[in-house]
Amino acid sequence: MTFAIETHNLGRVYKIRDTKKKEHKELIALREVNLQIEQGELFGLLGPNGAGKTTLIKILTTLLAPTSGWARVAGFDVMQQQAQVRPLINMVSGGESSGYGLLTVRENLWMFAQFYGIPSAQANRRIKELLDIVKMSDRLNTKSSDLSTGLRQKMNIVRGFMTDPKVIFLDEPTLGLDVGAARDVRAFIRQWITEHRERTVLLTTHYMVEADELCDRVAIINQGRVLACDTPRT
Ligand SMILES: Nc1ncnc2c1ncn2[C@@H]1O[C@H](COP(=O)(O)OP(=O)(O)OP(=O)(O)O)[C@@H](O)[C@H]1O
Ligand SMILES: [Mg+2]
């Protein structure tokens, strides 16, 4: 069977330069990560700062090369078949400042829809629907540089879901959101995955509650190792 996400002994070592000692040190960010995530799963990756969550997501979204092992997303190798992987996925990172500040919310989102080849009318419809869900319809024509941190994060969430990805990667999606907005976003993610069986979510978080409330399965990651992997309530 084809997994939505599969990794085999995936590893990533960063070379960091010690500018004082003028030498290179190696930092192991991921060690032999083996994951098998099925279509339809809402999978959570829970771990502290520096655990390797973002590194893993960057590899799975073809933005960073692994230094060992392999990974497949939607059946395609993230190194050898990037062109096949990219149209099928999307990613939202907490705290990212994506888009162009000079453009309005609508213009930014429309532009990203064009990158995915979504017809204009369809893009505009989805933008309206999703902005409504995150309670931001009144900000359609606000310049994105004028948005607050939380509102910008909501715009990014709309950007991620707008392309109807098969697999979506959410790196701390509720970062910077107030309690109510975070709850709404969690409810939306849950609803999104329930609507179509072929959708898959990989989400990272620091919040135990978020992992517990939302995810079908949760893996704990620490110092680059995946420590445990189970349903939250067992
Ligand atoms: N470009 C880079 N160059 C060197 N080291 C890096 C780089 N990116 C990440 N690291 C290091 O790799 C380790 C894992 O970082 P990563 O960003 O994957 O952690 P994280 O689990 O996402 O943490 P956080 O919860 O703080 O976002 C950390 O020690 C980090 O300092
Ligand atoms: Mg991170």
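Whatever order the structure lists ligands and atoms in, that order sets their numbers, starting from 1.
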Next on the checklist: Checking T62 against Q82: is there a side-chain donor and acceptor pair closer than 3.5 Å?
Outcome noted: no

Checklist entry - Can you tell me the protein heavy atom closest to atom 19 (O) of ligand 1 and the distance? => result G52 N, 3.3 Å

Checklist entry - Using 30° and 60° as the class limits, which term best fits the ring planes of H8 and W70: parallel, tilted or perpendicular? => result parallel

Checklist entry - Should E172 be listed as contacting ligand 1, given a heavy-atom distance under 4.0 Å as the test? => result yes

Item to check | Is_contact(atom 2 (C) of ligand 1), protein non-hydrogen, under 4.0 Å | outcome: yes

Item to check | Candidates N9, T67, I59 - the one meeting side chain to side chain contact (heavy atoms under 4.5 Å, CB included) with L30 | outcome: I59

Next on the checklist: Out of all atoms in ligand 1, which are within 4.0 Å of some heavy atom of P48? Include the element for each.
Outcome noted: 21 (O), 25 (O)

Checklist entry - Between R199 and D164, does at least one N-O distance fall below 4.0 Å, as a salt bridge requires? => result yes

Checklist entry - Which heavy atom of A181 sits nearest a heavy atom of K154, and at what distance? => result CB-CE, 3.7 Å

Checklist entry - G47 near ligand 1, heavy-atom distance under 4.0 Å? => result no

Item to check | Within-cut-off N or O pair, I16 and ligand 1, under 3.5 Å | outcome: no

Checklist outcome for this item: A student comparing Q223, K53, H206 should find that the heavy atom closest to atom 20 (P) of ligand 1 comes from K53

Next on the checklist: Any carboxylate oxygen within less than 4.0 angstrom of a Lys/Arg side-chain nitrogen, looking at D178 and R183?
Outcome noted: no

Item to check | Residue, atom name and distance, where the atom is the protein heavy atom closest to atom 22 (O) of ligand 1 | outcome: T54 OG1, 2.7 Å

Checklist outcome for this item: ligand 1 to L27, heavy atom cutoff 4.0 Å, flagged ligand atoms 11 (C), 12 (O), 13 (C), 29 (O)

Next on the checklist: Regarding N49, does it place an N, O or S atom less than 2.8 Å from the Mg ion (ligand 2)?
Outcome noted: no

Checklist entry - Which residue owns the protein heavy atom closest to atom 15 (O) of ligand 1, what's the atom, and how far is it? => result T55 OG1, 3.8 Å

Checklist entry - Relative to atom 24 (P) of ligand 1, which among N49, T205, V13 owns the nearest non-hydrogen atom? => result N49

Checklist entry - What protein heavy atom is closest to atom 9 (C) of ligand 1, reported as residue, atom name and distance in Å? => result Y14 CE1, 3.4 Å

Checklist entry - What do you reckon, does G224 put a non-hydrogen atom under 4.0 Å from ligand 1? => result no

Checklist outcome for this item: Interatomic distance, CZ@F169 vs CG@L56, rounded to 0.5 Å, equals 8.0 Å

Item to check | No-hydrogen, no-angle side-chain donor-acceptor test under 3.5 Å, T104 and N141 | outcome: no

Checklist entry - So, for E6 and Q36, which heavy atoms are closest and what is the spacing to 0.1 Å? => result OE2-NE2, 3.3 Å

Checklist entry - How far is atom 23 (O) of ligand 1 from its nearest protein heavy atom, and which residue and atom name does that atom have? => result G50 N, 2.7 Å

Next on the checklist: Does the protein place a non-hydrogen atom closer than 4.0 angstrom to atom 31 (O) of ligand 1?
Outcome noted: no

Next on the checklist: Please check if the number of heavy atoms outside Q114 that lie under 6.0 Å from its CD is greater than 12.
Outcome noted: yes

